[in-house]
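Each chain gets a letter, A, B and so on, in the order the sequences are listed, and its residues count up from 1.
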2 protein chains.
Amino acid sequence: MNNVQEESLRDQKKNRRRLQILEIARRIIATKGLRSLKVRDVAEAAGCSVGSVYNEFGDFDGVILTVNRETVQALTARLRGVPADDPVRQLYGLAATYLEFFAEHANLLRSLFEHRMEDDRPYPDDILQMVMDAFALMHPPLVRLLPNADDVKIALLSRTLFSAVHGIISLGLEERMVAVPPQMLRQQVEQFVDTHLTGLGILPLR
Amino acid sequence: MNNVQEESLRDQKKNRRRLQILEIARRIIATKGLRSLKVRDVAEAAGCSVGSVYNEFGDFDGVILTVNRETVQALTARLRGVPADDPVRQLYGLAATYLEFFAEHANLLRSLFEHRMEDDRPYPDDILQMVMDAFALMHPPLVRLLPNADDVKIALLSRTLFSAVHGIISLGLEERMVAVPPQMLRQQVEQFVDTHLTGLGILPLR
DNA sequence: ATTCTTCTTGAACATTGTTCATTTTCAAGC
DNA sequence: GCTTGAAAATGAACAATGTTCAAGAAGAAT
């Protein structure tokens, strides 16, 4: 049976507007940081009233969370593009790709990791799950490299290793903190993964 | 010569008030998070007007930054208390102590690492420097363990390793993100340091 | 064409950071 | 102790920004 509902004119406009609001919000976050994102700026740039933003996203956090959701989706897509031919190269590739993506979209990533909800409302579960899933992308290559290890242990190792890389990169790119030159950071991450794989017995000691 | 100026009544009150404002701001951040910190709440709890807060700290960021400054000072003091008898134990101790401190003061640490300035004003240099100094506390034990290595390389390694530990802990304690049980996190950090020291050739492969 | 539903609007409101003219407080000089 | 001048405290007013909602506009249904 055919459930394809033809889209009404109303829905078309609604969708177009929704996309435009998100595009503008993302651009502002990316260029000027989350703290510079203002409802009125978004509404004006999108050519609609502030009420429409609320009508579409419930509250302003809704806009931010939707941008964050799309950020982690884009990140995951990029990470999935890393070749899976050789597991060791794949691990290096995941770290290097994360660095690239973070460097390109630093403010968007900060929005994803640093945004806090008002009061104590919980962060949406689906976003958290997507982040964890992205961090689990080191799992398959690690399984191939450590075929005798417990699968639960590998899952934990994957999260740990990716979290460590995240820490190195997010602090390294923090222009607030004595900016590490990008080229040096790349080397730094590579060296780190290298040493850790050596410690796991995957690479030979040098 | 004796420069000890006896403190005027005026200065006494000023200092007392300053301390009280900071104490209250810290308590609010620690218990309800940075986003719940409001000038009026602080002023009321400190028994003074909002103007006095501004008079003392310039703007509201000034209050936050002062709390953050004291947080990194307290952190550094705790890290300096780690015994330096055995360098390997010292490294484990630094990681474990960071975990402890982070777990006890999660919201204060998040304020330190996640607070962004309005517009694009730069984060105060002295705070950044203090954070880097704290992260450099792994330098001395690493020098002892790798006596033949280049000192600049060790400095970088110290920052890398501490940043990695920071990433594991800050994401692990993120109750937003599928909370890792604290006991497990401790093990996780220990295992991580273990593997990395093995990769550096400091510990034997197992 | 008419009616009904839904969406849009933007002025009004609520919250919160910031300023500043006025008042108060304190210390110094007489 | 009183006077006076400087410094600080006050809080009402202002500014910036998130949020709501009654009224109107736009599209869908008949």
Side-chain angles (χ1 to χ4, degrees), chain A residues 4-22 24-25 27-29 32-68 111 115-121, chain B residues 4-22 24-25 27-29 32-68 111 114-121 123:
Chain A
V4 175
Q5 207 71 349
E6 57 178 309
E7 201 180 41
S8 66
L9 202 164
R10 188 166 260 165
D11 288 348
Q12 283 179 42
K13 288 176 72 171
K14 191 180 167 76
N15 286 337
R16 206 176 12 245
R17 164 157 307 168
R18 182 186 173 85
L19 291 181
Q20 194 170 13
I21 290 173
L22 287 175
I24 287 161
R27 204 197 59 224
I28 294 177
I29 295 175
K32 304 195 294 183
L34 181 55
R35 211 178 152 175
S36 299
L37 188 68
K38 305 291 149 76
V39 219
R40 284 171 178 75
D41 292 348
V42 172
E44 188 180 9
C48 68
S49 65
V50 293
S52 293
V53 177
Y54 278 81
N55 185 50
E56 188 61 33
F57 294 95
D59 61 7
F60 204 47
D61 270 357
V63 180
I64 298 166
L65 292 175
T66 306
V67 170
N68 287 351
S111 171
H115 178 61
R116 305 278 154 186
M117 308 290 284
E118 191 65 62
D119 300 314
D120 283 320
R121 285 189 318 199
Chain B
V4 175
Q5 207 70 348
E6 58 178 306
E7 201 179 41
S8 66
L9 202 161
R10 189 166 259 168
D11 289 347
Q12 282 179 44
K13 287 176 73 172
K14 191 179 168 78
N15 286 337
R16 205 177 11 247
R17 165 157 306 169
R18 182 185 173 86
L19 292 181
Q20 193 171 12
I21 290 173
L22 288 175
I24 287 162
R27 205 196 59 224
I28 293 177
I29 294 175
K32 301 195 294 184
L34 181 56
R35 214 180 150 174
S36 299
L37 189 68
K38 306 290 149 77
V39 219
R40 284 171 179 76
D41 292 348
V42 172
E44 188 181 10
C48 69
S49 65
V50 293
S52 293
V53 177
Y54 278 80
N55 185 49
E56 186 63 33
F57 293 95
D59 60 7
F60 204 47
D61 270 357
V63 180
I64 298 167
L65 292 175
T66 306
V67 170
N68 287 351
S111 171
E114 296 174 3
H115 178 60
R116 305 278 154 187
M117 307 289 284
E118 191 64 62
D119 301 315
D120 283 320
R121 287 190 316 200
Y123 209 75

task = Would you mind building the protein contact string for nucleotides 15-25 of chain D? One character per nucleotide, 5' to 3', B for base within reach (heavy atoms under 4.0 Å), S for sugar-phosphate only, - for untouched.
result = --BBBB-----
Residues 40-47 of chain B side chain polar contacts: donor-acceptor under 3.5 Å, at least two apart:
none

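The residue A:Arg35 sits apart from the nucleic acid: no heavy atom pair falls under 4.0 Å.
One interatomic measurement links the two molecules: CD of A:Gln12 to C1' of C:dC7, which rounds to 15 Å at whole-angstrom precision. Separating the NZ atom of A:Lys14 from the P atom of C:dT8 is a distance of 6 Å, rounded to the nearest angstrom. Atom pair A:Asn15:CG and C:dT6:C1' shows a separation of 15 Å (rounding to whole Å applied). Distance CD (B:Glu56) to P (C:dT18): 16 Å, rounded to an integer number of Å. The CD1-C1' distance, from A:Ile21 to C:dC7, rounds to 13 Å in whole Å. Between the CZ atom of A:Arg18 and the P atom of C:dC7 there is a distance of 13 Å, given to the nearest Å.
At the phosphate of C:dT9, OP1 or OP2 sits under 4.0 Å from a side-chain N or O atom of A:Arg17. A close approach under 4.0 Å does occur between a side-chain nitrogen or oxygen of A:Ser52 and OP1 or OP2 of C:dT9. Applying the 4.0 Å criterion to OP1 and OP2 of D:dA8, one finds that B:Asn55 has every side-chain N and O outside that range.
We find the CE-CG distance between B:Met117 and B:Asp59 to be 7.0 Å, quoted to the nearest 0.5 Å. Rounding to the nearest 0.5 angstrom, the gap separating the NZ atom in A:Lys14 from the CD atom in A:Gln12 is 13.5 Å. One distance of note links NZ of A:Lys13 with SG of A:Cys48; it measures 11.5 Å at 0.5 Å rounding.
Shown for residues 41-49 of chain A: no residue has heavy atoms falling under 4.0 angstrom of DNA chain D.
Pairing each heavy atom of A:Glu118 with each of A:Asp61, the nearest pair is N-OD2, 3.8 Å. Heavy-atom minimum distance, A:Tyr54 versus A:Val39: CE1-CG1, 3.6 Å. Of all the heavy atoms in B:Tyr123 and B:His115, the pair that sits closest is CE1-O, 3.7 Å. Pairing each heavy atom of A:Phe60 with each of A:Lys38, the nearest pair is CZ-C, 3.7 Å.
Distance alone, capped at 3.5 Å, is enough to place a donor-acceptor pair between the B:Ser36 side chain and the B:Lys32 backbone.
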